[in-house]
Protein chains: 2
Amino acid sequence: MPYPEGHKLKVRKHIITSAAKAFRTHGVRNISLPYIMKGAGLTHGGFYSHFENKDQLVIEACHFAISDTIELLKKVADKHEDQPKIQSVIEFYLSSVHRDQTEIGCILPALSGEISQLSEEIRNAYTREFKRFLEFITDMAKVDASTGYALVSSMVGTVALARAVSDPKLSDDLLLAGKTQAKLIIASSKG
Amino acid sequence: MPYPEGHKLKVRKHIITSAAKAFRTHGVRNISLPYIMKGAGLTHGGFYSHFENKDQLVIEACHFAISDTIELLKKVADKHEDQPKIQSVIEFYLSSVHRDQTEIGCILPALSGEISQLSEEIRNAYTREFKRFLEFITDMAKVDASTGYALVSSMVGTVALARAVSDPKLSDDLLLAGKTQAKLIIASSKG
DNA sequence: GTTAAAATATTATAATCATCATATTAACTG
DNA sequence: CAGTTAATATGATGATTATAATATTTTAAC
């Protein structure tokens with residue numbers, strides 16, 4: 001067989017990486033397959049020898065993006081040993097760095113509004129990935145499920161809004177208030 | 001002059017109403033001008049005699065949608081005299097009714113993810129309308145600005161996620177946790 | 001009724017998209 | 001190096017889009 005062992009798998013991975021990056025920054029519907037393929041160093045024609053259709057790619061990209069974010073947050077948590085891990089994670093998630101670096105940021109705020117309008121398959125995938133993220137945060141914060149829901153909703157909503165508004169001061173203030181709030185949520189659940 | 005007095009203004013209002021309804025349900029980019037015009041009982045050709053372009057319509061639709069939501073929430077608040085107004089508002093905003101009736105629901109969760117990818121003009125308009133909503137909630141809850149930020153971020157994030165996930169139980173639980181959380185935010189700000 | 005301006009509809013344009021068919025290239029095997 | 005075939009590129013299709021130009025309809029005023 002031509003092409004080295006695992007070549008196609010590697011290319012497939014490149015496409016997923018390019019897609020995840022694009023989706024995180026521009027959403028799903030505004031990103032074209034030609035654009036994604038170009039980001040992977042390819043032309044658009046070969047796409048369908050790798051994926052059944054665009055939906056399938058969205059599903060895989062969501063999975064990759066959440067795995068990527070969870071890994072990143074784990075690293076962030078391990079970096080600061082002087083405070084509880086969840087503290088570091090929240091401070092990063094609600095930082096201006098995370099708000100601004102959408103390309104490598106959490107995909108949940110980026111797609112939260114759009115998902116409800118996409119195919120059932122994509123919604124199911126998003127739900128699966130959301131649950132994964134939810135579990136990660138809930139475990140790390142050592143809180144009950146309900147508190148975990150509130151915490152993640154608040155985090156996702158804050159980042160989405162902080163990214164949306166064009167007033168830099170307001171955006172910063174949203175992040176700050178979100179951080180204060182998140183700490184309060186955790187503290188009050190332990191009281 | 002042909003056509004009755006104020007005819008064009010009335011039609012213009014119809015277009016904005018149709019657009020706001022469509023945007024709240026399907027976002028901005030996935031909705032076409034022909035679709036909006038059909039919703040107003042017209043064909044697409046006449047659009048440009050009413051608006052400069054699609055962006056202009058988005059801006060006006062956002063303004064209308066937020067006004068509409070604020071009015072609705074005021075009515076909801078006035079309905080229940082047995083509890084603080086903010087309580088009623090939060091209970092409605094985080095209800096399954098509001099989650100499911102996207103057509104007449106708050107536009108903030110629907111567009112929160114998409115806005116950052118749209119034109120500067122639209123972002124500015126969204127920011128203006130967001131501030132208007134923020135002020136409305138903050139005043140009604142009688143909390144300081146920072147608490148208002150946290151409260152609205154939590155509300156918007158919760159509804160966006162509750163609309164996004166395809167698991168009905170999870171969606172309900174998100175709303176429930178959001179309500180509990182919102183009340184906590186307000187209570188703690190007064191302590 | 002006729003007219004004329006305003007409002008709306010029809011049609012056109014050029015771009016972009018997802019998807020598909022076909023042609024070309026790359027690289028392992030012998 | 002030649003042959004085979006997987007991987008990729010090129011090009012096509014048909015749909016949809018925002019926008020614009022032109023044609024038609026509507027209705028108030030005469």
Side-chain angles (χ1 to χ4, degrees), chain A residues 1-20 22-23 25-62 111 114-115 117-122 125, chain B residues 1-20 22-23 25-62 111 114-115 117-122 125:
Chain A
M1 63 190 86
Y3 287 85
E5 180 80 13
H7 168 81
K8 192 161 189 183
L9 214 75
K10 205 164 12 173
V11 170
R12 185 187 163 88
K13 182 87 186 193
H14 282 156
I15 297 173
I16 293 174
T17 307
S18 167
F23 293 154
T25 309
H26 299 104
V28 167
R29 268 197 295 246
N30 196 47
I31 285 298
S32 70
L33 293 178
Y35 180 91
I36 291 167
M37 291 299 275
K38 187 182 274 183
L42 301 166
T43 58
H44 66 281
F47 177 80
Y48 289 87
S49 77
H50 288 280
F51 299 93
E52 201 186 322
N53 50 36
K54 191 179 178 183
D55 276 19
Q56 199 57 45
L57 174 62
V58 174
I59 290 166
E60 304 222 20
C62 280
L111 302 191
E114 196 178 2
I115 284 294
Q117 308 140 26
L118 303 179
S119 76
E120 191 61 24
E121 274 187 319
I122 292 184
Chain B
M1 62 190 86
Y3 286 85
E5 180 79 15
H7 167 84
K8 193 162 188 183
L9 213 77
K10 203 162 21 172
V11 170
R12 185 188 163 88
K13 181 87 187 195
H14 283 156
I15 298 173
I16 293 174
T17 307
S18 168
F23 293 153
T25 310
H26 299 103
V28 167
R29 268 197 296 245
N30 195 47
I31 285 297
S32 69
L33 293 178
Y35 180 91
I36 292 168
M37 291 300 275
K38 187 181 274 183
L42 300 166
T43 58
H44 66 281
F47 177 79
Y48 289 88
S49 78
H50 288 280
F51 299 93
E52 201 185 323
N53 52 34
K54 191 178 178 183
D55 276 19
Q56 199 56 47
L57 174 61
V58 174
I59 290 166
E60 303 222 21
C62 280
L111 302 191
E114 196 179 2
I115 284 294
Q117 307 140 27
L118 303 179
S119 75
E120 191 61 22
E121 273 188 319
I122 292 184

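All of these numbers come straight from a predicted model, not from anything done at the bench. Per chain, numbering begins at 1; letters A, B, ... match sequence-line order.
Enclosure of atom OH in Y48(A) by more than 12 non-hydrogen atoms of other residues, nucleotides or ligands within 6.0 angstrom is indicated. The environment of CD in E121(A) is sparse: at most 12 heavy-atom neighbours from other residues, nucleotides or ligands sit within 6.0 Å.
Taken to the nearest 0.5 Å, the CD1 atom of I122(A) stands 9.0 Å off from the CG atom of L111(A). Separation of atoms CZ (R29(A)) and NZ (K54(A)) is listed at 9.0 Å; rounding is to 0.5 Å.
Under the 4.5 Å side-chain criterion, counting only non-hydrogen atoms from C-beta, T43(B) is not in contact with K38(B). Proximity of I36(A) to F47(A): side-chain heavy atoms (C-beta onward) are nowhere separated by under 4.5 Å. Within the 4.5 Å cutoff, no side-chain heavy atoms of H44(B) are placed close to those of Y35(B). Residues E114(A) and E114(B) fail the side-chain proximity criterion, which asks for heavy atoms closer than 4.5 Å.
Regarding R12(A), its CZ atom lies at a distance of 12 Å from the P atom of dT8(D), rounded to whole Å. The NZ-P distance, from K8(A) to dT25(C), rounds to 20 Å in whole Å. Rounded to a whole Å, the CD1 atom of I36(A) is 11 Å from the P atom of dC17(C). In this structure, NZ of K38(B) is placed 12 Å from P of dA9(C), rounded to the nearest angstrom.
OP1 and OP2 of dT27(D) both lie 4.0 Å or more from every side-chain N or O belonging to H7(B).
A heavy-atom distance below 4.0 Å to DNA chain D is reached by these residues of residues 28-35 of chain B, ordered by number: I31(B), S32(B), L33(B), P34(B). A heavy-atom distance below 4.0 Å to DNA chain D is reached by these residues of residues 47-60 of chain A, ordered by number: S49(A), H50(A).
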Could I get a table of every N or O pair under 3.5 Å where one atom is in the protein and the other is in nucleotides 10-12 of chain D?
residue: dG11(D); atom: O6; partner: H44(A); partner atom: NE2; Å: 2.7

Apply salt bridge (charged side-chain N to carboxylate O under 4.0 Å, His left out) to residues R12(A) and E60(A) and explain how you reach the verdict.
CA-CA 10 Å; R12(A) 185 187 163 88; E60(A) 304 222 20; 2.3 Å; yes

The test is side-chain contact (heavy atoms from CB on, under 4.5 Å); show your working for F51(A) and I16(A) and say whether it passes.
CA-CA 10 Å; F51(A) 299 93; I16(A) 293 174; 3.7 Å; yes

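Without hydrogens or angle criteria, T17(B) side chain to K13(B) main chain gives a donor-acceptor distance under 3.5 Å.
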